[in-house]
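Structure first, commentary second.
Below, chain A is the first sequence line, B the second, and so on; all start at residue 1.
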Amino acid sequence: MGLNLKELVVRDKTTLEAFSSKVIAIDAYNAIYQFLASIRGPDGLQLSDSEGRITSHLSGLLYRNINFLSLGIKPVYVFDGKPPSLKTAEIERRKQIKKDATVKYEKAIAAGNMEDARKFAQQTTSMKDGMVKESKQILTYFGIPYIDAPSEGEAMAAHLTNTGQAYASASQDFDSILCGAKRLIRNFTNSGRRKIPNRNTYVEIEPEIIETQKTLDALGVTREQLVDIGILIGTDFNPNGFDRIGPKTALKMIKQHSCLEDIPQIQEQLQEIDYQQIRKIFLEPIVAEVDEIVFGQVDYEGMTNYLKERSFSEDRIQSSLNRLKKALEKKSQNLDQWF
DNA sequence: CCGCGATA
DNA sequence: TATCGCGGG
């Protein structure tokens with residue numbers, strides 16, 4: 001993913017609980033992709049049902065959404081539409097990485113190096129045709145709404161924070177900030193230590209919120225300038241960025257010269273990319289209006305039957321859904337006290 | 001990724 | 001009661 005704004009944005013620690021009763025626009029592709037990449041055994045193989053179909057994404061969506069709904073969070077998933085044509089180079093680049101990783105994976109397995117095997121297996125992760133449909137199916141059983149974006153999901157999620165239909169967007173990527181999202185949540189999951197598979201080390205995962213205005217104030221730049229900074233560092237639409245320019249240099253250059261056209265050192269390289277079009281993708285993103293985001297009821301029976309068909313154990317389904325049912329009953333009791 | 005049982 | 005390691009499908 002090319003857009004390393006991590007060092008520049010103002011990231012504040014937060015918790016899942018802080019978003020109770022708020023509508024959060026979730027980058028569906030980003031979430032599902034992460035489940036597919038990380039829900040794997042020690043050898044790197046994904047979970048699959050009795051017919052060999054991958055189920056890692058279903059497992060991830062099940063448990064995470066139970067947590068969201070139990071806390072009163074109102075997720076709306078935003079799926080990608082047609083990518084901008086400028087993205088084709090980046091899409092090809094990712095395909096190539098997956099191809100290379102497949103070879104490396106097989107070598108690591110042959111060598112019996114499980115740590116490498118898992119790492120390379122993760123890099124082969126790809127979203128297969130049926131997975132979007134299957135994920136939407138799970139969301140429907142939860143009564144969780146989803147939106148099909150006309151183009152980039154992150155742009156659509158950003159738009160929802162501006163119409164007031166969502167409080168924030170949630171993704172690991174920073175694109176929605178350049179698209180004008182009011183707020184971005186990263187690590188939108190329960191906090192805690194996570195073990196790195198096959199190694200004796202841990203990482204602390206904590207949700208964090210980025211308030212776009214706060215970041216712009218702190219950096220002393222406009223959103224237009226932040227987009228230019230992004231282009232200098234590298235985006236999905238110019239993955240390589242500019243030679244020897246990282247986040248710090250990019251910020252310094254834009255603060256000094258104010259825009260791409262006025263930075264003398266980069267003019268030659270600037271002519272090699274369609275920077276006006278890239279700006280437009282972020283500043284005038286292709287989005288659609290949606291009239292009302294409706295949350296439904298949980299279809300416990302439908303969910304149970306569907307997951308049973310996909311080889312989930314009945315005991316686990318039942319105990320998970322019972323937890324959800326308990327949490328939802330408790331919430332409606334709390335609400336009843338007002339009447 | 002996530003929950004759960006084992007462990008202390 | 002809190003942390004760890006394992007297995008899930």
Exercise for review: Determine whether the side chains of A/D100 and A/Q96 contain a donor N or O and an acceptor N or O closer than 3.5 Å.
Suggested key: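 A/D100 vs A/Q96: donor-acceptor pair found between side chains.
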**Study point:** Any donor-acceptor N or O pair under 3.5 Å, side chains A/E289, A/H159
**Key:**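 Yes - a donor-acceptor pair under 3.5 Å links their side chains.
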Out of [options], which has the shortest distance to the side chain of [X]?
X      : options             : result
A/Y202 : C/dG5, B/dC4, B/dC2 : C/dG5
A/R316 : B/dG3, B/dC4, C/dG8 : C/dG8
A/D49  : B/dC2, C/dG8, C/dG9 : C/dG9

Starting at atom [atom1] of [X], determine the distance to atom [atom2] of [N], rounded to an integer number of angstrom.
X      : N     : atom1 : atom2 : answer
A/I317 : B/dG3 : CD1   : P     : 15 Å
A/K308 : C/dG8 : NZ    : C1'   : 18 Å
A/R310 : C/dG8 : CZ    : P     : 17 Å
A/R323 : B/dC2 : CZ    : P     : 11 Å
A/L47  : B/dG3 : CG    : C1'   : 13 Å
A/L36  : B/dC2 : CG    : C1'   : 15 Å
A/R193 : C/dC4 : CZ    : P     : 4 Å
A/E204 : C/dC4 : CD    : P     : 10 Å

**Study point:** Carboxylate-amine/guanidinium contact A/E90 A/R93, below 4.0 Å
**Key:**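 Judged by the 4.0 Å cut-off on N to carboxylate O distance, A/E90 and A/R93 do form a salt bridge.
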If you look at every strand shown and take non-hydrogen atoms under 4.0 Å, does [X] touch a base, only sugar-phosphate, or nothing?
X      : result
A/S311 : sugar-phosphate
A/S319 : sugar-phosphate
A/S313 : sugar-phosphate
A/T55  : sugar-phosphate
A/R53  : nothing
A/Q46  : base
A/N190 : nothing
A/T189 : sugar-phosphate

Check your understanding: For the atom pair OG1 (A/T125) and CD (A/Q34), what is the distance rounded to the nearest 0.5 Å?
Key ->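 The distance works out to 10.0 Å.
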Exercise for review: Report yes if the distance between the aromatic ring centroids of A/F142 and A/F68 is under 6.0 Å, otherwise no.
Suggested key: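 Between A/F142 and A/F68, the centre distance exceeds or equals 6.0 Å.
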